[in-house]
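Each chain gets a letter, A, B and so on, in the order the sequences are listed, and its residues count up from 1. Computed from a predicted model, the values in this text were never measured in an experiment.
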Amino acid sequence: MTMQLLYFAWVRERIGLAEEIFALPDTVKTVAALLDHLAARGDGYAAALDDRAAIRVAVNQAHVAETFVLGPQDEVAIFPPVTGG
Amino acid sequence: MTMQLLYFAWVRERIGLAEEIFALPDTVKTVAALLDHLAARGDGYAAALDDRAAIRVAVNQAHVAETFVLGPQDEVAIFPPVTGG
Amino acid sequence: MISVSVQREPFDVAAEMARLKAHRSDIGALVTFTGLVRDVATLTLEHYPAMSLAEINRLAREAEARFNIIGGTIIHRFGTLATSEDIVLVAITSRHREPAFQAASFLMDWLKTKAPFWKQEANGAWVMAKDEDAVAGEKWGV
Amino acid sequence: MISVSVQREPFDVAAEMARLKAHRSDIGALVTFTGLVRDVATLTLEHYPAMSLAEINRLAREAEARFNIIGGTIIHRFGTLATSEDIVLVAITSRHREPAFQAASFLMDWLKTKAPFWKQEANGAWVMAKDEDAVAGEKWGV
């Protein structure tokens, strides 16, 4: 049971990956906990995720808050505030 | 010294004229007085001008209120509320 | 600078949009409003020729003073028009979207209450002015 | 019913307007908003393909529920675009002018804060989201 993580814009550039497969640890329940977990992985992740106010998350293609509870097979996209339009 | 009166839309139809030359009497000072004076001229004028809330007036191609003071050579247009756009 | 035309002929919205965008790199937003003949087979627009162009130009200058816009076009037709024919075009360009939306909305509200045009249906009935149009005009603090 | 497209190719505003007006006699108002590349030589739009179309469709359904409109089109481009090229089109038809203006403005405010697109300049700098866009999105009580 694995989750797909997707990164966009400067989050993608700083992490150095557009996507990766991720096994959700039992201890990580929410979006906030996932962001904390990823930020602890290393330099690129920390640079991408440290300014939490500048991070937005979508789960299964829908915007969610940091309190959103994750499931093990979710598609989780992490990105800066959008600038389309 | 004569004024030009112009009528539009149903004001024109009820009066039966698109325009006429008019010598402003000394006793008629304001737009309101002019409308009263014209309404007293006969059936078509009365039918056109009796419902004063439905009458708008422009003097020299600018919208004016009924209190506007007329000059003897003004171009005075009398019409219903506009419905363009 | 908003250009103004009062004309019998149809207008070409795409050509007007292209003209507003031509040779410029500072336009971020282009809003157009097109008003069409609705529901009736024909509609005849009478206007006050000596005043209609002048009044719309006055409204255009007011919009330029009120809103941070780059340019625009207003075209108002008169004469007899068929169902779904264009009556009026308001097109406004600006750097950001809000002034273009605001100016176009303001101009339409003001045109509806200030521009000397009157609509008559084929059966001779005159279209009545709507109270809500007067209210919409007043909200801009005319 | 508002149709939605997310595409790399340019769009033809006149063709979209014609399509919205075709075979109808009940349209009194047509509002278009076009967003253009401004100031910079090129702008590259990245998007989240699995979400961008779905999210704009969700916004379209919300606009249909909120405003008394007849139809519309939303087209959002991605890829690398040059100065004054079109980025986004929102076109809305309605019987009266106010719902078309409101729906177009609502959709642009929501697109700016909800649709997963990101703009990057030729030098690699990412365009920053504006606080005023978040405020504009919130005014609709999202």
Participant: Is it the side chain or the backbone of A/Arg12 that comes within 4.5 Å of chain D heavy atoms, both, or neither?
Facilitator: side chain
Participant: With no hydrogens and no angle check, do the side chains of A/Trp10 and D/Gln120 hold a donor and an acceptor under 3.5 Å apart?
Facilitator: no
Participant: Looking at side-chain heavy atoms only, is the closest gap between A/His63 and D/Lys114 below 4.5 Å?
Facilitator: yes
Participant: Count the heavy atoms belonging to other residues, nucleotides or ligands that lie under 6.0 Å from CG of A/Asp36, then report whether that count exceeds 12.
Facilitator: yes
Participant: Let me know if A/Ala54 has heavy atoms under 4.5 Å from chain D in its side chain, its backbone, both or neither.
Facilitator: neither
Participant: From A/Phe8 CZ over to D/Trp118 CH2, what is the distance, rounded to the nearest 0.5 angstrom?
Facilitator: 5.0 Å
Participant: Looking only at heavy atoms, what is the nearest atom pair of A/Glu75 and D/Ala50, with distance?
Facilitator: OE2-CB, 4.2 Å
Participant: Given side chains that start at C-beta, do those of A/Glu13 and D/Trp126 come closer than 4.5 Å, heavy atoms only?
Facilitator: yes
Participant: Where does D/Ala54 contact chain A at under 4.5 Å (heavy atoms): side chain, backbone, both or neither?
Facilitator: neither
Participant: Going by heavy atoms in the side chains, are D/Phe117 and A/Val82 under 4.5 Å from each other?
Facilitator: no
Participant: Quick check: does any side chain N or O of D/Glu46 sit under 3.5 Å from a backbone N or O of A/Ala9, one acting as donor and the other as acceptor?
Facilitator: yes
Participant: For the side chain of A/Thr83 and the backbone of D/Ala129, is there at least one donor-acceptor N/O pair under 3.5 Å apart?
Facilitator: no
Participant: In Å and rounded to the nearest 0.5 Å, what is the CE to CG distance from D/Met51 to A/Asn60?
Facilitator: 10.5 Å
Participant: Is atom CG of D/Asn123 surrounded by more than 12 heavy atoms (other residues, nucleotides or ligands) closer than 6.0 Å?
Facilitator: yes
